[in-house]
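For reference, the structure discussed in these notes is given below.
Numbering starts at 1 and runs along the sequence shown.
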Amino acid sequence: MKEIISGSEALMRSLVNEGVKTIFGYPGGAIMPVFDSLYGYTRGENKKFDHILVRHEQAATHAAEGFARVSGEVGVCIVTSGPGATNTLTGVADAMMDSTPIVVICGQVGVGALGTDAFQEVDLVGVSQPISKWSYQIRRAEDVAWAISRAFYIARSGRPGPVVIDFPKNAQIHTCEWNPVSVTSVRSYQPYPPLENECVEAAAELINSAERPLALVGQGVELGNAHNELLEFLEKADIPAACTLLGLSALSSAHPLNKGMLGMHGNYAPNVKTQECDVLIAIGMRFSDRVTGLPSTYAKQAKIIHLDIDRAEINKNIKDDVAVVGDCKMSLPAITRLLRKNSHREWIDSFEPLHQIELEKVINPAIHPTEGPLLMGEVVNVVAEATEGNAVLVNDVGLNQMFSSRYFKYLRKRSIVTSGGLGTMGFGLPAAVGATFGDPNRTICVFMGDGGFQMSIQELGTIMERRAPVKMILLNNNYLGNVRQWQDLYYEHRHSFTDMMNPRYELIAKGYDIPYAVVTDRADLQDKVREMLTTDGPFLLECAVKNEEDLLPMTIPGRNVNEMSLEAEW
């Protein structure tokens, strides 16, 4: 005899079947039946879920992203209809741009009220379809198990991404027979394209004949769990590599073949060498404009091999010579098997003089200043050295993002959580909260500017309630620093509304019962960082950094990727 249950209960059971253990959410009228069912699943001997009450629905999606990025699992959040649902859309778009698997479940008015402009009604499927991998409205309780299983299958398979589920109230309340469903395929959806042998062979032939190969490592390596396969590929053919922002922890910072970060504010040597290599191998990256500089002149001298799971990325921004479409966990070893053991010592050594130039002109002045105000780079460097490459870096958006990404150390996989494609200010703090639940055994360090911190400062309440051990480093320059730098570059130093009056953060920390310290003198920096890292639970470390510090090097828009400014031209 079949068991009769409500749609809300069916949702709970479906989430259990998907292996969900952590949910980020915020209740409201149209989702109350679900939260009522959730109550019994978060308490007592039969507890199945840990529900984290965030302070804003956008924060729920960013927390789910942070959870997903460090755990490798699907992040889940549950919110109400109307403004609750629309508040999640920035997080949904962020997850779509950065291929992060999350499932966002939103309440909705009953089916009978749809289209009447009912209280807190919004066409969620309509507004979320362009920015999600799949968006679906569950109109009947009978469809819950199928829809949730399909949502998780789509979110986690192939190129991951966000799925939005619109859940009208009638479907939550009405009953159905409980029939567990496991979706393992979707018609017309091919998440793992079969490798084409001729493309694999063509790629291997180009690499074997290359004298100056260069690999560009993207987040696809992390998403595909292909870290070992990447190492075998690089080491067999002796190929130097550089990483995109999102792919920074796909290859250990300490590996001798790792030549640093690509892009507008990346390292000098790999950007210059992009324009000198004869074979460019892009692995799980999408040739973002922040990586390519002027696309019309990008790597024109090189044969380009593009490995990506998403066929839509092939020839989208940069035309390739060979495309290997498929999961890099499969394509990398397939190519590696055909490679000759090789050595490119002269080519690899040619990176070093360029690195020394950057070291002298940019890096050492940024992380080892001897006088003047505290600098962002030196704060990052002290934290990176104190955590010995074992911490997870989370950051917000702006100068803090680029300085921390450049100067942190990545010795373990899944060690960077950042908003890459969308560049979402306010991302850092909630994403760091999610990361602490995604991998509670690692130290989570989040770097924020004073602008981004105040966009999600209410999540200190979540941290307070859960005692989430987030180590918060506030790089306070009393500016929207990245915009200020661009105003200097393009608008003759007219700082139009980028200087900020800030609150007394020590009083805010005290109000949330969070330990706090401030650094105004570099002589105190190491001791305060040590205090932060050795304090149990959360900690807010405010660092009063230089007001108008510039981020260098920089490829100014409109220039070739190798035409990097090592000194401010503004």
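A heavy-atom distance below 4.5 Å is found between the side chains of Ile239 and Ile207. Using a 4.5 Å heavy-atom cutoff, the side chains of Cys543 and Ile473 are in contact. Contact check for Val380 versus Ile367: no side-chain heavy atoms found under the 4.5 Å cut-off. Looking at Asp396 and Met425, their side chains come closer than 4.5 Å, going by heavy atoms from C-beta outward. Residues Leu474 and Met472 fail the side-chain proximity criterion, which asks for heavy atoms closer than 4.5 Å. Between Ile102 and Glu65, the closest side-chain pair of non-hydrogen atoms falls below 4.5 Å. Between Trp347 and Lys273, some side-chain heavy-atom pair lies under the 4.5 Å cut-off.
Side chain to side chain, Asn395 and Ser405 meet the donor-acceptor criterion of an N or O pair below 3.5 Å. Inspection of the Ser135 and Ser128 side chains reveals an N or O donor paired with an N or O acceptor under 3.5 Å. In this structure, a donor-acceptor pair under 3.5 Å is present between the side chains of Gln356 and Glu352. Side-chain contact, Arg442 with Ser415: a donor N or O sits under 3.5 Å from an acceptor N or O. For the residue pair Lys471 and Thr443, no side-chain donor N or O sits within less than 3.5 Å of a side-chain acceptor on the partner.
Taking the ring-ring contact (aromatic ring centres under 6.0 Å, His included) definition, one finds that Phe403 meets it with nothing, sequence neighbours left out. With sequence neighbours left out, the salt bridge (Lys or Arg N to Asp or Glu O under 4.0 Å) criterion links Asp310 to Arg159. Remark: Lys329 engages Glu229 in a salt bridge (Lys or Arg N to Asp or Glu O under 4.0 Å) (not counting sequence neighbours). Listed by chain and residue number, Trp486 satisfy the ring-ring contact (aromatic ring centres under 6.0 Å, His included) test with Tyr490 (two or more places apart in sequence, or in another chain). Under the rule for a salt bridge (Lys or Arg N to Asp or Glu O under 4.0 Å), the partners of Lys316 that lie at least two apart in sequence or sit in another chain are Glu313.
Ser249 pairs with exactly one of Gln219, Glu222, His227, Lys409 by the side chain to side chain donor-acceptor pair (under 3.5 Å) rule, that one being Glu222.
In this structure, Ile154 and Val163 approach most closely via the heavy-atom pair CG2-CG2, 4.0 Å.
Classification of Arg340 and Asp238 as a salt-bridged pair fails, no side-chain N sitting under 4.0 Å from a carboxylate O.
Sorted by first and then second residue, the ring-ring contact (aromatic ring centres under 6.0 Å, His included) pairs involving residues 294-331 (not counting sequence neighbours) are Phe287-Tyr298, Phe287-His306.
For the atom pair CG (Asn228) and CG (Leu332), the distance works out to 11.0 Å, reported to the nearest 0.5 Å.
Of the possible donor and acceptor atoms, none in the side chain of Asn258 sits under 3.5 Å from a partner among the backbone N and O of Cys243.
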